[in-house]
Participant: 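What follows is a structure written as structure tokens; I'll ask about it next.
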Amino acid sequence: MEHDPALFFHDFRINYGITYRAKTTSFFYQHDCPPVHDCSILFDFSNLNVCICCLLQVLECYIISIDLFILSLLSAIWIMLPAYLPNPVAALSGGGMPIDFGKNFTDGKRVFGDGKTYRGLCIGILAGIGIGLAQIWVSGVYGWENLPQHTYLSITLLATGALLGDLGKSFFKRRLGKERGSKWPIADMYDLVAGALILLLIFDPAWLYANMTLTIFILILILTPILHRGINIIGYHFRVKEVPW
Ligand code: CTP
Ligand code: MG
């Protein structure tokens with residue numbers, strides 16, 4: 001018990017009689033933030049334990065709440081799973097009739113190109129909805145109330161929006177004269193985020209406002225390129241994707 005950092009933290013606060021102020025609810029435990037105007041404690045090098053503990057408190061309560069950060073990270077992944085899955089599944093299952101039926105746009109270039117097919121679109125969206133249904137089920141069974149609660153509408157909008165974003169990106173890519181599969185760094189990574197969030201904003205803004213915080217949004221922006229690149233490299237090695245981006 002002595003080695004439980006949360007308990008040590010708690011004991012420390014009680015011993016020093018610091019009044020409790022802000023309260024954060026976390027995924028793992030609840031903790032209270034004491035005020036830290038007493039800087040003498042922070043710089044009390046004669047008692048290193050107390051000093052380090054104070055620094056940790058400042059870091060945790062006032063700069064980033066570590067547990068709140070972890071919860072936001074899990075929430076970001078939880079929200080975006082139905083949007084992240086459709087792309088790799090489309091790459092695995094795509095083929096057959098292109099969405100533009102092989103037709104050209106007014107500029108003489110393909111509307112979307114051969115990389116956008118009905119099979120990829122439909123199976124990708126179904127996969128996103130499938131994982132969303134699994135999330136709804138799991139969170140109901142295990143009572144994961146601290147995570148954003150998906151609805152049938154939210155998962156459908158996320159999955160559909162992800163691939164519509166991808167489709168929209170390909171449309172503009174063709175207009176710019178970029179070949180199918182060529183690199184277009186920022187757009188290739190954020191098309192799915194833009195598509196998914198725009199669809200949510202239009203058709204279920206209440207859900208978006210209730211579940212999206214600034215921290216979660218920033219984490220999505222950081223996570224997406226990392227996951228996107230990671231999954232595409234794996235896809236490339238398994239010959240599912242022709243290029244590693
Ligand atoms: N795919 C599909 N249908 C979709 C989206 C993707 O069939 N609606 C498949 C295609 O086989 C595509 C692969 O998934 O080649 C990878 O998708 P993506 O990287 O988005 O397409 P690219 O081939 O790179 O084409 P683009 O340049 O238009 O992005
Ligand atoms: Mg591509």
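One-based numbering along the sequence shown. Counting starts at 1 for both ligands and their atoms, in listed order. This one's a predicted model, so the numbers in the text were calculated from it and none came from an experiment.
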Participant: Give the atom numbers and elements of ligand 1 that come within less than 4.0 Å of a heavy atom of Arg174.
Facilitator: 26 (P), 27 (O), 28 (O)
Participant: Taking both backbone and side-chain atoms of Ser182, is any N or O found less than 3.5 Å from an N or O belonging to ligand 1?
Facilitator: no
Participant: Once rounded to the nearest 0.5 Å, what's the spacing between atom CG of Asn211 and atom CH2 of Trp78?
Facilitator: 12.5 Å
Participant: Check whether any heavy atom of Leu163 sits under 4.0 Å from an atom of ligand 1.
Facilitator: no
Participant: Please verify the inter-ring angle class for Tyr118 with Phe101; under 30° counts as parallel, over 60° as perpendicular, anything in between as tilted.
Facilitator: tilted
Participant: Between atom OG of Ser72 and atom CD1 of Ile216, what is the distance when rounded to the nearest 0.5 Å?
Facilitator: 5.0 Å
Participant: Can you confirm, on distance only, whether ligand 1 has an N/O atom lying under 3.5 Å from any N/O atom belonging to Asp188?
Facilitator: no
Participant: Are Ile155 and Ile202 connected in the hydrophobic side-chain network, where two residues link if heavy atoms are under 4.5 Å apart?
Facilitator: yes
Participant: Would you mind listing which atoms of ligand 1 come within a distance below 4.0 Å of any non-hydrogen atom of Asp166?
Facilitator: 5 (C), 20 (O)
Participant: Among all residues two or more places apart in sequence or in another chain, which pass the ring pair (Phe, Tyr, Trp, His ring centres under 6.0 Å) test with Phe238?
Facilitator: none
Participant: Who gets closest to atom 11 (O) of ligand 1 by heavy atom: Glu242, Arg180, His228?
Facilitator: Arg180
Participant: Does the N or O separation between Gly115 and ligand 1 drop below 3.5 Å for any pair?
Facilitator: yes
Participant: Would one find more than 12 heavy atoms of other residues, nucleotides or ligands at under 6.0 Å from atom CZ of Phe171?
Facilitator: yes
Participant: Hydrophobic cluster membership, with links at side-chain heavy-atom distances under 4.5 Å among I/L/V/M/F/W/Y: are Val193 and Ile186 in one?
Facilitator: yes
Participant: Between ligand 1 and Lys169, can you find any atom pair, the residue atom being a heavy atom, that is separated by under 4.0 Å?
Facilitator: yes
Participant: State whether the shortest distance between N or O atoms of Thr117 and N or O atoms of ligand 1 falls below 3.5 angstrom.
Facilitator: yes
Participant: I'd like to check which ligand 1 atoms, numbered from 1 as shown, lie under 4.0 Å from a non-hydrogen atom of Gly94.
Facilitator: 7 (O)
Participant: Applying a strict 4.0 Å limit to heavy atoms, is Gly95 in contact with ligand 1?
Facilitator: yes
Participant: Report the part of Lys173 in contact with ligand 1, treating N, CA, C, O as backbone and CB onward as side chain, heavy atoms under 4.0 Å; options are side chain, backbone, both, neither.
Facilitator: side chain
Participant: Distance from Met97 atom CE to Leu121 atom CG, nearest 0.5 Å?
Facilitator: 14.0 Å
Participant: Nearest heavy-atom pair of Leu147 and Gln149: which atoms, and what distance?
Facilitator: O-NE2, 3.0 Å
Participant: Using distance alone, determine whether Gly181 and ligand 1 share an N or O pair under 3.5 Å.
Facilitator: yes
Participant: Which atoms of ligand 1 have any heavy atom of Ser170 under 4.0 Å away?
Facilitator: 26 (P), 28 (O), 29 (O)
Participant: Strictly under 4.0 Å, does any heavy atom of Arg119 approach an atom of ligand 1?
Facilitator: no
Participant: Check this for me, if you would: do Asp188 and Lys183 make a salt bridge, where the nitrogen-to-carboxylate-oxygen distance has to be below 4.0 angstrom?
Facilitator: no
